[in-house]
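Reading through the structure tokens given below for one structure.
Note that the structure is a prediction, hence the values are computed from the model and not measured. Below, read A as the first sequence line, B as the second, and so on, with proteins coming before strands; counting in each chain starts at 1.
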Protein chains: 2
Amino acid sequence: MQKVTIATVARRAGVSRQTVSNVINTPDVVREETRERVREAIEELGYRVNQAARQMRTGRSRLIAVRIEPARDGINGSVLDRFLHGLTDAAGLAGYRVMLYTAGGDADEIATYDELLNAYDLDAFVLTSTHHGDPRTSWLAARDVPFVTFGRPWGAPDTHSWVDVDNAAGTAAATSHLLSAGHRRIGFLGWPAGSGVGDARREGWHRAAGLSALSATSSDGVEPGAAAAKSLLSRPEAPTALVCASDSLALGALQAARELGRDCAVVGFDDTAVAQAIGLTSVSQPLAEAAARCMGLLTELLDGRAPSLPTTVLLPPSLVVRQTA
Amino acid sequence: MQKVTIATVARRAGVSRQTVSNVINTPDVVREETRERVREAIEELGYRVNQAARQMRTGRSRLIAVRIEPARDGINGSVLDRFLHGLTDAAGLAGYRVMLYTAGGDADEIATYDELLNAYDLDAFVLTSTHHGDPRTSWLAARDVPFVTFGRPWGAPDTHSWVDVDNAAGTAAATSHLLSAGHRRIGFLGWPAGSGVGDARREGWHRAAGLSALSATSSDGVEPGAAAAKSLLSRPEAPTALVCASDSLALGALQAARELGRDCAVVGFDDTAVAQAIGLTSVSQPLAEAAARCMGLLTELLDGRAPSLPTTVLLPPSLVVRQTA
DNA sequence: TTGTAGGCGTTATCAG
DNA sequence: CTGATAACGCCTACAA
């Protein structure tokens, strides 16, 4: 099977190479009849535009890059993977492909940008896990590289487009659910202040639960969560329900309650595999939609019809009610 | 910042473009001194080979493709993600990049191969989730497309290179561990016969546990696993320990034992986040190593120094002992 | 509406 | 060992 180029198609359809190119890139400029004939030839020959050649001419690769992270504590790591899947789907629909890379830290990641940009002419980046003082966004912005972030620019002005999930709304919904189930003392188990995501999750609970409610903080993980929950449940006026900043913490809370022989409703966050497996009520992020919206913003950027102001998208999470609350 | 091409470097180093190319691709053909001068120029200018141009010349893209699957039941889905991460790492080290795609089924996936091959000149594919009568391998083989599979060719002869984890050894190790802990009636909770992976996991247990041992099958999942475990534990001569084909099943078994008020040791498979979270003893697959070996086989294939016979790699899993066994 | 003439950055070929 | 030349497949002018 010989390689099929634009010339092969042209010969088959009895037109010039240029006409074939027009049919592909600017169809409306070609007469209906000719267009049809060319399309048939393309079909019959199974012709596909060669990206490398196109890229060399246009300087665009139709490739976008995303970093794949190691599955950190494993329990919450799957969030990124579901996002990745959604992004690959959405990119494919828009005629783009997703390229993966790994990086050890921000500096390492920036070096990778440089390489990817120079060697592969990447069209855009999707950044995840944004954090306070993130150097990646400013690097990209300084070079006019198109990008969107999944996660808002914590502590920085909105100088670029982003998509995020309304974390506060998630914990607020969880708290409301507990309130309407009759709970009156609803506690919060979260991370130490300073992480944007963690603070937002606390704030949503705080708003809905009222001032008198108890809270505790611990680093993420089942063990630390159990310890913190235990101290919370041992106080006078102990909460009868706990909203947690992650499924890991929620699992810890569940263990603490069991060990103490206490009945305590628990809600987690992220609706991970663990939550599904053990019947933990949890706040679920709309990851496929988030990915699709990221891709949508990106195509706007790449097609040049970018709005003058950066677009921001805040998606509401949903509560998945199971046995624990 | 102007675009830096091979010509820029050539001018800076005071040599011809070709010499620069030689320094990059066949260094030993250039005189030491010249080579050094060119290398300095490359360094100073931050020059990077343009993949698109190189690809056009050589027909090779230094890109390999992997399918990303939706996180099926979620609980076991993370296995593929860890593999993906390892592969991205290994590929980067070997100078390759990983491109992602999704597909609804085998036919859909084959159509994607065709597109990826034509449009992006992909160098190779890594297939996961091989199964009986897999049409993908024969399609690729018929077109001489380099590929390796993570998962052996079930029920077919070894006509291509593959990497797999020795599933039977994993369950055998789990069983031995239980035996040395004093258990004498060790049961197995697995999937219905027919899936290569499931059959291998059963066989390893069977070999180590002996003929008299009990087993039950159910589809994967916590609920089905609990039901099957319950019936197993209700029989006379019920097992005192259960080896399971997955962490989902193991979790079900744990629930069943608790509901029945029975003490039963349980071992899962895959060492997923759930196992880590709840302290489930589980068989762990060396996914990073599997990915690295896949990449190793691939580079052999791509560098033309492919052995005449396909290479097969069988990796031993390891048992992660936690509280449940 | 269609055809013709470069050139994108590399590398292979072949002469010096 | 080094340097000139052509070609990979496509797209953007420009001319017909």
Side-chain angles (χ1 to χ4, degrees), chain A residues 1-39 41-42 45-63 95 115 117-123 304, chain B residues 1-39 41-42 45-63 95 115 117-123 304:
Chain A
M1 194 167 67
Q2 266 295 352
K3 185 163 283 189
V4 179
T5 81
I6 212 168
T8 326
V9 177
R11 262 199 307 280
R12 171 68 149 257
V15 298
S16 75
R17 293 190 327 228
Q18 177 50 23
T19 304
V20 178
S21 174
N22 283 336
V23 169
I24 295 165
N25 302 297
T26 44
D28 26 292
V29 100
V30 181
R31 197 201 315 157
E32 165 88 42
E33 181 199 310
T34 319
R35 202 193 310 154
E36 217 30 68
R37 194 148 39 97
V38 172
R39 287 216 167 114
I42 289 177
L45 295 163
Y47 167 78
R48 293 263 179 26
V49 176
N50 180 312
Q51 287 297 333
R54 165 180 279 181
Q55 173 180 345
M56 196 131 92
R57 264 309 289 188
T58 63
R60 298 184 44 182
S61 61
R62 303 205 73 85
L63 247 33
E115 194 214 311
L117 250 17
N118 279 295
Y120 291 91
D121 274 313
L122 257 87
D123 284 355
Chain B
M1 193 167 67
Q2 266 295 353
K3 182 163 287 187
V4 178
T5 79
I6 212 168
T8 326
V9 177
R11 261 198 309 280
R12 172 68 148 260
V15 298
S16 76
R17 290 185 331 217
Q18 179 51 24
T19 303
V20 178
S21 174
N22 283 336
V23 170
I24 295 165
N25 301 296
T26 43
D28 26 292
V29 100
V30 181
R31 199 201 315 157
E32 166 89 40
E33 181 199 311
T34 318
R35 203 192 311 154
E36 218 29 69
R37 194 148 38 94
V38 172
R39 287 217 166 113
I42 288 177
L45 294 163
Y47 166 77
R48 293 262 179 29
V49 175
N50 180 312
Q51 286 297 334
R54 166 179 279 179
Q55 174 179 344
M56 197 135 97
R57 234 355 270 213
T58 63
R60 299 186 43 182
S61 60
R62 303 205 73 87
L63 246 34
E115 194 214 310
L117 250 16
N118 279 295
Y120 290 91
D121 273 313
L122 258 87
D123 283 356

Base versus backbone protein contacts along nucleotides 9-16 of chain C [heavy-atom cut-off under 4.0 Å; B, S, -]: BBBBB---
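Inter-residue side-chain proximity for B/Arg54 and B/Asn25 is flagged as met; some heavy-atom pair is nearer than 4.5 Å. When side chains are defined from C-beta on, B/Arg37 counts as touching B/Val15, because their heavy atoms get closer than 4.5 Å. Within the 4.5 Å cutoff, no side-chain heavy atoms of A/Val4 are placed close to those of A/Ile42. Inter-residue side-chain proximity for B/Val30 and B/Val38 is flagged as unmet; no heavy-atom pair is nearer than 4.5 Å. Contact of the B/Val20 side chain with the B/Val23 side chain is not registered, since no non-hydrogen atoms from C-beta on lie closer than 4.5 Å. A heavy-atom distance below 4.5 Å is found between the side chains of B/Leu122 and B/Leu117.
The nearest pair of heavy atoms linking B/Ala41 to B/Arg12 is CB-CG, 3.7 Å.
For A/Arg62 and D/dC10, the CZ to P distance is 15 Å, given to the nearest whole Å. What separates CG of B/Asp121 from C1' of D/dC10 is a distance of 13 Å, to the nearest Å. When rounded to the nearest whole Å, the span between OH of A/Tyr120 and P of C/dC8 equals 23 Å. One interatomic measurement links the two molecules: CD of A/Gln55 to C1' of C/dG7, which rounds to 16 Å at whole-angstrom precision.
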If pairs are Watson-Crick or G-U with both distances under 3.5 Å, what is the dot-bracket string of DNA chain C, marking crossing pairs with [ ] and pairs to another strand with |? ||||||||||||||||
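Within the structure, every side-chain polar atom (N or O) of B/Thr34 is placed at least 4.0 Å from both OP1 and OP2 of D/dC1.
Formation of a donor-acceptor pair under 3.5 Å by the A/Asp123 side chain with backbone atoms of A/Ser61 is found in this model.
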